[in-house]
There are 2 protein chains.
Amino acid sequence: MIQYNRDNMAELLRAHDINPTHQRIEIAYALFSRQEHLSADQVMAIVNGRHAETSKATVYNTLNLFLEKGLIREVIVDPSKVFYDPNTGPHHHLYEVDSGRLTDIKADDIRIEGLPDLPQGVETVGIDLIVRVKRTA
Amino acid sequence: MIQYNRDNMAELLRAHDINPTHQRIEIAYALFSRQEHLSADQVMAIVNGRHAETSKATVYNTLNLFLEKGLIREVIVDPSKVFYDPNTGPHHHLYEVDSGRLTDIKADDIRIEGLPDLPQGVETVGIDLIVRVKRTA
DNA sequence: CTAGGATTTGGACTCTGTCTAACTATCGGA
DNA sequence: TCCGATAGTTAGACAGAGTCCAAATCCTAG
């Protein structure tokens, strides 16, 4: 397990063709050091924990940049906000609808069989499998 | 294949313990006669096609009521809006990211194997499988 | 040191969806 | 028939996520 630090982050960004600025490093660090699914406003809160340092616009710009560059992944499970996932490897998600907690499911053992052929002129971008659960009463 | 009409709809609503009002019948009819995935504002546009008849608040109230009563299903694939699906049977979804088109995939032949055990004290609400595709350049 | 491109910023703005308080429709009973 | 109670609808204000823009700031090469 790698220890994440700011220097790591700068390298990681460069490797993905992203100019590593202060703000971008902080945002990357927030996501990767925790290995959690964070929403944009959670990222905001973390990055600006002590003093206000990064604007809302930059948080959104940066997250979208990371997305484009394939550094992180977007998880759409909640109609009210998007989660960002630093884990881009193949895996699936477990969503607790009452608490909003989102956790990974390893893809290792999961097989999805019998998917029909795709329509013409179309290629797969991704397959999202989301298991929605709630606490039993 | 059943022909859907307003009388059908009234029965359908009653069967789901929903008082069939004008507005509710129109909204149900919009969804079921098309058998398509519609967003709230698309429902608005259809229902108010000729003359304004139904307010935004009623459209949202009604769609949420239908959801609670299990008459329709919610499909969360696009961060900017929710789709409503009149098909509540088991099936999955194909989402064209560039056009926003959302279509069904029959669940008949699909097997999902190897899902890990759920955490304690939790029960499955639903499993959503979304295949995201884009047009090949 | 300086010019120029890249980045960041605050704030206005848009859009989806919710809330509220007033209004309307409906229905059962006297 | 009239009445009140309850359910449903409405306009418009509001909330929160996310985008946009023009101005300010930050690098970096020269």
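Note that the coordinates shown come from a computational prediction; the quantities given were computed from them, not determined experimentally. Just so it is clear: chains get the letters A, B, ... in the order the sequence lines come, proteins before strands, and each one is counted from 1.
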Mutual orientation of the aromatic rings belonging to His37(B) and His93(B) [parallel < 30°, tilted 30-60°, perpendicular > 60°]: perpendicular
N or O in side chain of Gln23(A) less than 4.0 angstrom from dC26(D) OP1/OP2: no
Among Ile110(A), Leu94(A), Asp109(A), the one residue meeting side chain to side chain contact (heavy atoms under 4.5 Å, CB included) with Leu115(B): Ile110(A)
Given dT10(D), dT9(C), dA17(D), the nucleotide with the shortest approach to the side chain of Ser55(B): dT10(D)
Under 3.5 Å: donor-acceptor pair, side chain of Thr136(A), backbone of Gly121(B): yes
Interatomic distance, Leu38(A) CG vs dA17(D) C1' [rounded to whole Å]: 16 Å
Touch class at under 4.0 angstrom, heavy-atom based, for Thr54(B) against every strand present: sugar-phosphate
Heavy-atom neighbours of Gln120(A) CD exceed 12 at 6.0 Å: no
Distance, rounded to the nearest Å, where Tyr60(A) contributes OH and dT9(C) contributes P: 15 Å
Gap between atoms CG and P, on Leu65(A) and dT19(D) respectively (whole Å): 13 Å
Nearest-Å distance for atom pair CG/P, residues Asn61(B) and dT16(C): 18 Å
Spatial distance of atom CG (Leu63(A)) from atom CD (Glu68(A)) [nearest 0.5 Å]: 11.5 Å
Residue met sooner reading DNA chain D from 5', once Pro79(B) and His22(B) are mapped to nucleotides: His22(B)
Nearest-angstrom distance from the residue atom CG of Leu67(A) to C1' of dG18(D): 13 Å
Nearest-angstrom distance from the residue atom CG of Asp78(B) to P of dC15(C): 14 Å
Touch class at under 4.0 angstrom, heavy-atom based, for Asn64(A) against every strand present: sugar-phosphate
Sugar-phosphate, base or nothing in reach of Asn19(A), heavy atoms under 4.0 Å: sugar-phosphate
Lys81(A), nearest nucleotide to its side chain (from dT16(C), dA17(D), dT18(C)): dA17(D)
Between C1' of dT7(C) and CZ of Phe66(A), the distance in whole Å: 13 Å
Nearest-Å distance for atom pair CG/P, residues Asp41(A) and dT19(D): 13 Å
Residue-phosphate contact under 4.0 Å: Thr21(B) side-chain N/O, dT9(D) OP1/OP2: yes
Candidates dT7(C), dG17(C), dC20(D) - which lies nearest the side chain of Ala57(A): dC20(D)
Sugar-phosphate only, base, or nothing, as touched by Ser80(B) at under 4.0 Å among non-hydrogen atoms: sugar-phosphate
Closest nucleotide among dG8(D), dT19(D), dT7(C) to the Arg24(B) side chain: dG8(D)
Quiz item: Lys56(B) side-chain donor-acceptor pair to dG17(C) base, under 3.5 Å: yes
